[in-house]
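Here the structure comes first, spelled out in structure tokens, and everything after it is commentary.
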Amino acid sequence: MRGRRTVASGLLITGFLVYLLFNTPQTGHAMHIMEGYLPAGWSLFWWAVFLPFFFLGLRQVQRIVKEKPEFKLLLGVAGAFAFVLSALKIPSVTGSSSHPTGTGLGAILFGPLVMSVLGSLVLLFQALLLAHGGLTTLGANAFSMAVVGPFVAYGVYRLVARKKGGQKLGIFFAAALADLSTYLVTSVQLALAFPAASGGIMASFVKFAGIFALTQVPLAISEGLLTVLVWNWLQAY
Amino acid sequence: MIGRIDSLAYENRLKRLPPEQKLLFSLAMLLLALISHPLVQGILFVWMSVWIVVYARTPWRIYFVVVAASVAFLLAGSPALLLEASRLAEWTRDDNAIASWQLGSWVVYVTAEGLSRAMSLAARSLAALSCFSFILFTVPFAEVLQVFRRIGIPSILTDLMMIMYRFVFVLLETAEQIWTAQKARGGHRGTAGTLKDAGRLIVQLFIRTMARYRQMYISMTARGFTDDFRVLVHASHMRSKRYEWEAVAGCLLLAMLEWWMGG
Amino acid sequence: MAFEVTTDAAEQTDAAEQADASEQTARAALDILRFSFVHYTYPGASQPALNGLSLGVPAGKKCVLLGHNGCGKSTMFLHANGIFRPNLGQVLWKGMAVSYDRAHLLKLKQKIGLVFQDPEQQLIAATVAEDISYGLCNQKLPEDVVREKVYRTMETFGMTEWAETPIHRLSLGQKRRVALAGVMVLEPELLLLDEPTAYLDQEQMRNFVQELDRIHAAGTTILMATHDIDLAFAWADWVLVMEKGKLVLEGEPEAVFSRRDTLERLQLRTPAVFDVWEALPAALREEIGSSRVPRSVEELTAGLRRIAASCIT
Amino acid sequence: MAFEVTTDAAEQTDAAEQADASEQTARAALDILRFSFVHYTYPGASQPALNGLSLGVPAGKKCVLLGHNGCGKSTMFLHANGIFRPNLGQVLWKGMAVSYDRAHLLKLKQKIGLVFQDPEQQLIAATVAEDISYGLCNQKLPEDVVREKVYRTMETFGMTEWAETPIHRLSLGQKRRVALAGVMVLEPELLLLDEPTAYLDQEQMRNFVQELDRIHAAGTTILMATHDIDLAFAWADWVLVMEKGKLVLEGEPEAVFSRRDTLERLQLRTPAVFDVWEALPAALREEIGSSRVPRSVEELTAGLRRIAASCIT
């Protein structure tokens with residue numbers, strides 16, 4: 001009995017080591033749920049949740065484009081910019097590196113609905129050009145990153161920046177909380193798909209959220225700081 | 001990795017096959033991968049890998065990197081799937097635990113169900129990944145776009161994708177150049193320094209992006225831009241009996257195997 | 001003949017001015033594009049970019065536009081095909097004032113092709129064939145006509161094998177040629193080029209100039225802005241010089257480059273061949289016996305070799 | 001002397017090769033920077049960018065690097081200051097192999113200044129003064145030292161009046177000079193320039209070359225990559241020619257440009273002055289009596305005028 005336990009403990013420690021070793025370079029994209037990870041039913045479900053927002057966003061984009069055709073070009077360029085940002089390595093406060101998402105800034109500039117269209121296109125590009133995420137899981141990923149993130153960023157910014165001198169703080173919290181909410185939603189998505197044997201969905205959520213907190217919380221802080229830096233410099237121009 | 005997948009897709013040996021066929025094939029396989037048994041998923045993974053590495057001649061190293069990245073994701077999630085926890089008081093041995101550890105008043109344990117669930121999740125994910133990778137490595141983005149246009153995706157989306165695809169590479173080059181220039185001038189020192197430099201890069205990139213947008217708007221106007229980005233759908237593809245035969249036969253065999261296993 | 005267009009009237013006699021004026025009227029009829037006293041100031045700028053610009057682009061010629069960066073060349077190009085509208089003065093296409101309604105502008109843009117300095121700025125589509133088709137698709141032509149024209153153009157430009165290549169995989173020289181092809185597929189009557197040879201190496205430059213000569217031979221008038229004085233002299237039939245939003249000099253290359261005083265004031269140098277030719281002993285020049293200044297180093301050295309050979313025989 | 005570095009051994013006799021080899025060893029001691037058999041392939045590329053490149057940059061000289069786009073010039077520059085690391089072979093700075101640890105690299109980057117082709121890519125900060133200070137700030141120097149150095153540099157470069165100007169309001173020529181100032185403020189011993197004169201007009205070009213001459217006179221070795229053969233001939237003390245990631249020719253300008261066969265194979269042209277000089281009747285050349293080929297049109301025409309004047313007297 002004791003022997004078996006030691007072996008199991010050894011395996012567990014090795015597993016964690018391997019996990020940390022492999023996971024570090026991936027941190028930035030750890031929140032993209034990979035292709036095939038969600039069961040078919042849940043994939044479909046998240047597509048169904050995501051699509052209404054996407055269509056609303058699309059309608060808004062089309063309305064603006066009808067008035068100003070050049071807006072299409074601007075949006076395309078902005079989408080490419082967001083994609084390139086997400087491919088950058090920025091240092092995270094823990095010393096590992098991660099990738100900025102730019103969702104916060106985008107939502108503040110274009111509004112959350114337009115950002116949901118742009119964000120989903122960026123995710124499609126990340127899937128097709130970088131192999132991050134997947135096609136069946138695109139609905140789930142887009143919901144957490146291109147819908148919830150932007151809405152949170154926009155709401156927080158509106159709320160905080162309204163107060164006097166709160167603009168910088170607003171930007172910081174918008175960007176950081178957009179990241180955090182994305183990670184929480186992803187954890188919920190995973191928890192729903194894989195409830196724990198004891199404790200069910202809640203326990204599973206705590207487990208998934210706990211794992212990703214290691215990488216995502218520092219990342220969110222880095223992103224918040226970076227967005228404020230960028231905003232300040234942009235103001236100087 | 002950026003640009004790598006794009007150029008491999010452009011150079012792959014199955015480039016001449018009609019993109020619709022390849023997309024349909026891989027999507028059908030993807031669907032099967034999501035709903036089938038681990039055995040079928042295993043065969044599927046091997047078979048799709050053969051398509052990718054042998055038929056399309058994707059360098060196996062690159063394919064391996066993509067697979068390894070996904071394995072890393074699987075590993076990252078595995079503690080949450082495998083480890084269960086309950087209070088020592090409420091814990092009973094007959095929970096099918098195959099391993100357990102006591103941490104204070106809590107017990108952390110792994111169940112047989114948990115293990116088999118993690119295994120079947122890994123099988124499904126890898127099978128699905130191989131189908132997804134087949135699209136990545138054999139259908140160039142420009143052709144995905146053409147298919148989107150042909151099947152009636154709204155032009156606003158295809159236009160946006162076309163502009164994005166063009167600019168992604170222009171801006172990537174710019175970002176790389178700025179990054180290199182910062183390095184050449186002794187930048188990127190320490191975490192704070194690097195974060196600052198990243199901020200500078202983003203600002204520069206943003207300014208240059210806006211300048212590019214303005215220039216592009218003028219030059220598009222010069223080329224008669226009104227409100228659409230219509231372009232000619234140009235494609236020279238050749239069907240291949242041999243590949244069509246293998247794809248269809250394989251599909252049928254796998255579907256039958258799945259049915260026979262009681263899918 | 002060279003016209004120095006100067007506001008300093010004292011430099012010229014009245015008689016000469018009148019002669020020039022009548023000559024200019026006669027030429028105006030031959031100009032495919034004319035700017036008449038065009039003023040333009042960018043919104044927010046303190047200095048006008050075009051400050052009463054009057055110039056003509058003679059039909060069927062290979063024209064070169066010289067001038068320092070910031071002299072208004074690019075602004076002039078954007079006026080030529082109606083993207084910008086003059087604050088004052090007018091632009092004439094084949095003697096008719098340009099009208100700025102949508103339909104006319106679209107036609108004008110088809111007749112005046114504009115190739116920008118940086119090809120990255122002009123190429124939009126995912127692949128070469130798609131990009132070349134863009135201007136045609138804007139004209140709402142039927143698909144098979146577009147296809148046929150695109151194929152023909154790719155063939156003339158020798159780029160059929162890259163038809164399906166993504167733009168970002170091309171070299172700078174190739175991008176420049178695709179940008180040119182995308183404009184030429186519309187069969188413009190006037191081609192405007194903004195510094196098309198910068199960053200090109202010798203070989204790419206040679207290919208590009210050959211392409212231009214072919215286009216000119218097929219009947220297109222060309223106006224190229226460049227800083228390469230030697231290229232300008234070797235290639236142009238007609239030279240225009242701008243400064244501070246105005247035309248300061250125009251004429252045949254030899255005539256323009258012989259105005260050393262004016263060029264020096266503008267801090268423009270003269271072509272190397274021109275300088276050498278003028279410095280050669282008069283006897284030697286006579287011996288070479290060319291009726292005009294040789295346009296390129298090749299022409300000059302060929303002349304020199306010929307006399308060297310004749311001395312031996 | 002000119003060394004043709006060729007793999008085709010048949011072209012040279014063994015004796016000549018040995019002489020070359022010994023001469024090279026003697027020179028190696030004088031080279032501030034040496035590449036020794038450097039190979040480098042970009043990840044994912046099928047062709048190597050540097051394919052056994054061996055070359056030396058002689059200390060204290062004005063060197064020019066010629067070669068087509070894509071011959072590996074820019075890759076070579078990025079190896080020179082340690083941003084890229086050779087797959088094979090080594091880079092030597094003053095005879096010592098470059099070591100790739102952080103501290104050494106930082107020092108190397110300070111000693112080797114690199115000015116990129118496009119100033120836009122190099123200018124990082126919002127204003128001129130800020131940008132010039134960037135490299136110094138990275139060295140963690142005390143603030144007053146940084147301030148003093150920045151001001152001194154801006155004064156030397158005559159840009160104190162733009163100190164607070166945002167970069168994006170500068171002209172291209174000004175941007176190029178700011179990029180140069182931002183590198184020169186670190187007082188490098190070797191300055192690498194990647195096509196610094198593209199898109200510049202005559203006046204900007206002249207100013208830029210003057211700036212370079214001033215920098216060289218103050219003791220900095222310069223290596224400039226360019227497509228402008230005439231500029232190369234007029235300006236350089238030493239010419240290097242690359243092709244397909246290898247050195248194919250090096251030597252003094254006259255020696256290099258007299259290798260017409262090799263240059264023709266590489267599709268590089270010879271300088272205009274050089275061609276004209278060679279085509280001039282021998283008698284005339286003797287009369288001018290210059291011991292070497294004139295380097296620039298000015299020099300040649302001055303010579304020609306001198307003899308014309310002496311004929312008259």
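Sequence lines set the chain letters: A, B, ... in the order given, protein chains first and strands last, and positions in each chain run from 1.
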For C:Y199 and D:N69, which heavy atoms make the closest approach, and how far apart are they?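 The answer is O-ND2, 3.0 Å.
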Using heavy-atom distances under 4.5 Å, tell me whether [X] contacts chain C through its side chain, its backbone, both, or neither.
X      : result
D:T301 : both
D:L300 : side chain
D:D228 : neither

Using 0.5 Å steps for rounding, measure from the [atom1] atom of [X] to the [atom2] atom of [Y].
X      : Y      : atom1 : atom2 : answer
D:L304 : C:E278 : CG    : CD    : 12.0 Å
C:R305 : D:L280 : CZ    : CG    : 10.0 Å
D:D201 : C:L66  : CG    : CG    : 11.0 Å

Do other residues, nucleotides or ligands put more than 12 heavy atoms under 6.0 Å from D:R169 CZ?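 Incorrect, the count does not exceed 12.
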Does atom CD of C:Q267 have more than 12 heavy-atom neighbours, drawn from other residues, nucleotides or ligands, at distances under 6.0 Å?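 More than 12 heavy atoms, drawn from other residues, nucleotides or ligands, come within 6.0 Å of this atom.
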Count the heavy-atom pairs under 4.5 Å between each of C:G173, C:S171, C:A279 and chain D, then report the option with the highest count.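 Ranked by contacts with chain D, first place is C:A279.
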So do the side chains of [X] and [Y] get within less than 4.5 Å of each other, counting heavy atoms only?
X      : Y      : result
C:L284 : D:P281 : yes
C:Q202 : D:I229 : yes
C:H227 : D:Q204 : no

